[in-house]
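Quick caveat, the model's predicted, so the values are computed rather than measured.
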Amino acid sequence: MTDSQRLPGDTYDAGMVVRREVLGGEHVDRATSTSNDFTDEFQEMITRYAWGTIWTRDGLPRTTRSAITLTAMIAGGYWEELEMHVHAALRNGMTPDEIKEVFLQSAIYCSVPAANVAFKIGKKVLAEYEAS
C-alpha cells in the first residue's frame, strides 16, 4: 500500500510513530529501506498490527509491553530480536535491574540455557548503552 492509498489516522501511521519511538528511527529506516516486493507486505503488516494496533493500546505501559516482549523473545530463542528489544526496553524506560529481573524470571519459565543466552546479549547491550 502506498502512502497515497492510506487514510488519515490509519493504524499504519500510528504504528510507524510508535515503532520509531520504541525501536529508534535508525533501525526502522534500515528495515524499511531494504524492503522490496517480497518483504513490503510483511513490513506493512508488522507496522499496522504489531505497532499500530497493539503497541498503541492504553491497557499496558510500554515498560510492561517491553517486559512481555523480552520474555517472548527468550522463550522463542529469537536472539537478534531480543537484542533489538533490550535496546527498546531501555528506550521505553526499563532499568537494567528490571531487565535483569525479567531475565531471571525467564530462567525459571523459559529455561536456564535460554536465560544464559539472554544475559550474554543483555550484558553486551547494557555495555553499549552505558558507553553512549
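- For the pair Met94 and Ala67, the tightest heavy-atom approach, listed with the atom from each and the gap, is SD-N, 3.9 Å.
- Rounding to the nearest 0.5 Å gives a distance of 13.5 Å between CD1 of Ile46 and CD1 of Ile54.
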Discussion item. If you apply the rule side-chain contact (heavy atoms from CB on, under 4.5 Å), what do you find for Thr47 with Val28, and how did you get there?
Written reply: CA-CA 10 Å; Thr47 300; Val28 175; over 6 Å; no

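- The only option from Asp13, Thr53, Thr11 that meets the side chain to side chain donor-acceptor pair (under 3.5 Å) definition with Arg48 turns out to be Thr11.
- In Glu128, the CD atom is crowded: over 12 heavy atoms of neighbouring residues, nucleotides or ligands sit closer than 6.0 Å.
- Atoms CZ and CG, on Arg65 and Leu60 in that order, are 4.5 Å from each other to the nearest 0.5 Å.
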Item to complete: Show your working on side-chain contact (heavy atoms from CB on, under 4.5 Å) between Ser35 and Thr39 and close with a plain yes or no.
Response: CA-CA 5 Å; Ser35 189; Thr39 61; 3.2 Å; yes

Discussion item. I'd like to know whether Asn92 forms a side-chain hydrogen bond (donor to acceptor under 3.5 Å, both in side chains) with Thr63, so could you lay out the CA-CA distance, the side-chain angles of the two residues, the decisive distance to 0.1 Å, and finally the verdict.
Written reply: CA-CA 6 Å; Asn92 281 338; Thr63 53; over 6 Å; no

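- Counting non-hydrogen atoms of neighbouring residues, nucleotides and ligands closer than 6.0 angstrom, the CD atom of Gln105 reaches no more than 12 such neighbours.
- His87 contributes atom NE2, which lies 13.0 Å from atom OG of Ser66 (distance to the nearest 0.5 angstrom).
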Practice prompt. Could you walk me through whether Phe103 and Leu82 pass the side-chain contact (heavy atoms from CB on, under 4.5 Å) test, one step at a time?
Written response: CA-CA 11 Å; Phe103 288 4; Leu82 177 64; 4.3 Å; yes

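- Remark: Arg91 CZ to Tyr129 OH distance equals 10.0 Å, nearest 0.5 Å.
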Worksheet entry | Trp51 vs Val22, side-chain contact (heavy atoms from CB on, under 4.5 Å): CA-CA, chis, key distance, verdict | CA-CA 9 Å; Trp51 299 105; Val22 172; 3.7 Å; yes

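- The side chain to side chain contact (heavy atoms under 4.5 Å, CB included) search around Glu81 returns Met73, Tyr78, Met84, His85, not counting sequence neighbours.
- Taking CD of Glu98 as the start and CG of Leu70 as the end, the distance is 11.0 Å to the nearest 0.5 Å.
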